[in-house]
Amino acid sequence: MDDVALAARGLCAGYGDEDVLHDVSIAVPRGAIVAVIGPNGSGKSTLLKTIYGLVRARRGEAVLYDRRGKAHDLTALRPNQISALGMNLVPQLANVFPEMSVLENLEIGSALNKVRFAQHLDRVLTTFPALRTMLRRRAATLSGGQRQMLGLARALMSGPTLLILDEPSAGLAPAVVEEVFAKIKAINAEGVSILMIEQKARQCLAMADYAYVLEQGRNRLEGPGSTLLADPDVVRLYLGARRTAAQRNP
Amino acid sequence: MTQFAELVVTGLVTGAVLALAGVGASLVFGIQRIPNFAHGEYLTFAAYLAFLLNVPFGQNLVAATAGAIAGTALLAIGIHFVVLRPLRGRGLVAMSLVTAGLALMLRDVVFLVAGTQVRQYAIDQTKVFALGFLRISPGEAVAIPIATVVLPAVALLLARTPMGKSMRAVADNRDLAAISGIDVERVGVHVWLLAGALAGLGGVMLAVVEGTFDPNLGFQVLFLIFTTVVLGGIGNAYGALVAGLVLGVAMDLATWNGFFGGLDAQYKPVLAFCVLIVLLLVRPQGLFGRATVL
Amino acid sequence: MRRTICMCCSVAAIIGLLCPAFPVSGATPVSFDLKYGVLAPLTGNSAAAGQAWNEAASVGIKYVTATLKKLDLPDIHVVLADSQDSQGNTQTGVEAAQKLVKIDGVNVVIGDFYSAVTSAVATAVTIPNRVLEFTGGTSPALTKLNTGTPAFLWQPVAADDVQGRVLAKIIAAALGPHARINVAARNDAYGTSLSAVFKEAWTSTGGTIPVDLIYDPTQPTLDAEAQKLVQGNPTGWLFIDFCQTFDKLAFPLARSGKWDPKKSFGSDTLNDCKSNGAQSFPGMRATQAYPAGGASFPAFQALFEQDAGQRTKFQPFTAEAFDSVFVSFLAALEAKSAEPAQIARYVVPLTNPPGTAYTFQQLDAAIKAVMTGQKIRFEGATGPLNFTDSGRVAATTYAIWQVQPDGSSKVIKVVNFTP
């Protein structure tokens, strides 16, 4: 059995009276990339927010296992306490501090801890060299792609062992998407477990060690990324039919 | 020419009071998401607390001001824990009504305890300090040095200190700040402390500059404070600092004889109202705010 | 024999018929319940004056009650039903007056001395409910609110249309009739009407007013107004305001270095600011209807200080409240009723000749005289009063007050004025 870093079991959560998640369970093995895909409105974003305490879980649990195997019940913690355990989240939309400079974004990323800041700054700027020239710029002036990089960089400044990413490629040009996914793989290669949800399911499955398919707030399918990618039902239902070479060149 | 210079001075002094109160209100709105209609009453409370220490208890004005600052900070924290935090999350309209009700209550408590008659501090208000060709009142003589020290200090606090950066981060993106490991609750408490202290200082300054004051002191400048906050960009603390000074100077300069005889002094608030209306129509994000919705 | 008996019977019958015309003391008992209410600013800027007004009325009512007891007239009840706080503003004043009239059922209201409050109260409460009101307010418009004779609103103090002309006379005497006087008045009924009367009186005798300013005393600062008031090269100034709010204007005036209190005059509300808890400016003069013109004034002051002096500082103008108590009581006695409309019919004859003059010190004798049907004349502590049918007094004496170097104020001169 893989050493599990994060596990969610039987999560039920929602906004207001209606539940969005119904009894959802996922697990992230240590050092793996785990993807969650599914149609719009399937509750993927809500799942991440519930794990991170931004949405209250009505039932179920989310547990983080640290290196020593100690279990931490995430549903009882506030977001800043969760981050102190070595997790971090890059939200889909509001993933930077727009009024603050790039450098200040990175400072906040390390929770204003000077030691941590010094520890991680160089490595983060090596992973995202473009940011080096933009340190004094206000984050709101960055382009979409640059902002995404900053969002990731901010999260890395806390030195996390598990990163949760909410649609990291949303709204980005294809070339930039490639770049983002490459960075994610590089981060994972350094030992950071990744849990990501994505619309670009095909590319996401291609790099995922394991994947879950959610539909209408429930677990639908799961399996290694490559297996799901090869499954014709999955391809038909969730990846959009890929046109055959003959269809592409009539 | 003398009149122009003197109007700039009085304008800067009023502006400093607005800036101090405006920064606090702006931070509170940005971080607690509460439009604090009771902010004016914090100034009134501070003025009366300082009066209590200065006149019946015979402390000098500096000590009285220190007491007022501490007392108002405590008041702000107290209200946060007892009233506002338990009622949190009810939405903008409900919270506005809560703070408006709080304002009425605070003002009436002051009326009941202190009475409606005007009060003065134990300083000679007829004294004049000559600064070159300028004649400065005791209120201005006190307010100018304080403003020149405190306002930049507040700006520095926001820009350089961890507390200031946390506040700006929470105001900018509350969820992300929490994810980044910032204790948002604690920052919220710090904001009330800071807003209360600044309002405390501003309240005493305002009372000294006015010469005599009654329980309507803070209420009279409440909408000016809100104009300052809107002018500087809601949630933008630096913006409020600058906007307060700009508004203060603009109101006083409008009465200058050089502007076609000058605006009648009783219409200064009308000018501020017009500024607010035009601003909301043309550029609601204020001079320095970003053009996004809350 | 039969003729003697008939004559005796006739005489007896005649005597029997005539007997009721010569009542023994107490044969036709006068009985009524006279209820007073006091309305004054007991809190707020004019609290000192308001409290003194209340005490003066209260002292008067206690004196009447004591005298009635001494004369053993248990069927006549005189009582102060309640004292209500107008806070010096019209809305509160009207509500307070409603309480006095509707709930306490008072026959006479002693107060207010704010003209604005009195105007609202008379219009909304006392005149419609046909209750008597004795006001200390000085606006000439007040008695015009009376809808007919007899009046229900009585003004025992000379009105401002007189005061404005007195001010013009006094300032002309001090600074010359062609002096340049800057005028500053608060923006309420009292300030605007008095300044208008003064302006007319002053300019008609050749004087000029370079700056004529109406200002809002509730504004945060009055620095800009003060700057205006030292322009135009004035010889002197006239201020129409209350002490506490006047300070807000006086401070920046003093700081300008161009203002001289010794050349400044104030209206009746600025006569003694130190006693009212505000700052006074040595040299400044003010005028006030002279309330100490009656022979019994010293006795009134002594009575006040004895009964109320520890609590409240004595203020001379409160003699108006004191007098109002006695006027309405004696008029009620004449009318043999506490019904306000009845009382009102006797106010004018009571305060004018003919008749033997009585002051409050001879109240017992005055009561006896009234009860034996004699025509009496009441003279107040303020002076002969001489009420007219309109509700105004005919007598006018003014005092000039001046602030001494130590900040206290005293009367330096008394002038008689014939309108």
Side-chain angles (χ1 to χ4, degrees), chain B residues 2-3 6-7 9-11 13-14 17-18 43 111-112 114-120 123-130 134-141 206-221 224 251-257 261-269, chain C residues 41-51 85-89 92 184 186-187 211 213-231 241-261 273 276-282 407:
Chain B
T2 329
Q3 195 206 12
E6 287 190 354
L7 285 173
V9 170
T10 49
V13 169
T14 317
V17 172
L18 293 180
L43 279 91
F111 265 118
L112 278 172
T116 55
Q117 62 265 45
V118 294
R119 308 280 185 180
Q120 308 170 16
I123 54 179
D124 182 3
Q125 285 285 0
T126 57
K127 213 155 136 188
V128 173
F129 300 92
L134 290 174
R135 301 173 75 89
I136 314 256
S137 73
E140 292 166 347
L206 185 61
V208 173
V209 164
E210 286 197 5
T212 64
F213 60 95
D214 68 7
N216 285 319
L217 177 81
F219 180 67
Q220 283 166 346
V221 294
L224 287 175
M251 286 201 301
D252 267 293
L253 272 186
T255 65
W256 184 45
N257 286 336
L263 190 67
D264 203 347
Q266 351 175 19
Y267 299 121
K268 284 196 300 202
Chain C
L42 301 175
T43 60
N45 283 341
S46 303
Q51 295 283 356
D85 183 4
S86 68
Q87 296 182 12
N89 84 61
T92 321
R186 73 195 328 254
N187 66 343
V211 176
L213 189 68
I214 306 281
Y215 62 91
D216 178 1
T218 63
Q219 260 187 270
T221 53
L222 292 170
D223 288 58
E225 283 81 353
Q227 273 209 13
K228 283 213 171 78
L229 281 169
V230 294
Q231 291 168 4
D241 200 348
F242 296 95
C243 287
Q244 309 269 14
T245 39
F246 173 63
D247 276 352
K248 197 171 275 207
L249 182 62
F251 291 147
L253 274 174
R255 290 197 292 263
S256 72
K258 297 189 197 134
W259 177 55
D260 189 356
C273 284
N276 278 299
Q279 191 150 338
S280 55
F281 297 87

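Residue numbers begin at 1 in each chain, while the letters A, B, ... track the order of the sequences.
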Item checked: Contact winner vs chain C - B/Thr126, B/Val209, B/Leu7, heavy-atom pairs under 4.5 Å ->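 Ranked by heavy-atom pairs under 4.5 Å with chain C, first place is B/Thr126.
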
Checklist line | Choice from B/Val221, B/Val118, B/Thr14, B/Val128 maximising heavy atom contacts with chain C below 4.5 Å | finding: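 When all of B/Val221, B/Val118, B/Thr14, B/Val128 are compared, B/Val118 has the most.
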
Supply the atom-to-atom distance [X] [atom1] to [Y] [atom2], rounded to the nearest 0.5 angstrom.
| X | Y | atom1 | atom2 | result |
| --- | --- | --- | --- | --- |
| C/Thr245 | B/Asp214 | OG1 | CG | 10.0 Å |
| B/Gln125 | C/Gln279 | CD | CD | 9.0 Å |
| B/Gln120 | C/Lys248 | CD | NZ | 10.0 Å |

Checklist line | B/Gln220 versus chain C, the contacting section by heavy-atom distance below 4.5 Å | finding: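 The side chain, not the backbone.
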
Go through the atoms of [X] and report whether side chain, backbone, both or neither lie under 4.5 Å from a heavy atom of chain B.
| X | answer |
| --- | --- |
| C/Leu213 | neither |
| C/Ser46 | neither |
| C/Gln227 | side chain |
| C/Phe281 | side chain |

Item checked: Any donor-acceptor pair under 3.5 Å from C/Arg255 side chain to B/Arg135 backbone ->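 Side chain of C/Arg255 to backbone of B/Arg135, a donor-acceptor pair under 3.5 Å: no, none is there.
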
Next item on the list: Going by the side chain to side chain contact (heavy atoms under 4.5 Å, CB included) test, name the single residue among C/Leu222, C/Asp247, C/Leu249 that passes it with B/Thr212.
Entry: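 Testing B/Thr212 for a side chain to side chain contact (heavy atoms under 4.5 Å, CB included) against C/Leu222, C/Asp247, C/Leu249 leaves exactly one candidate, C/Asp247.
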
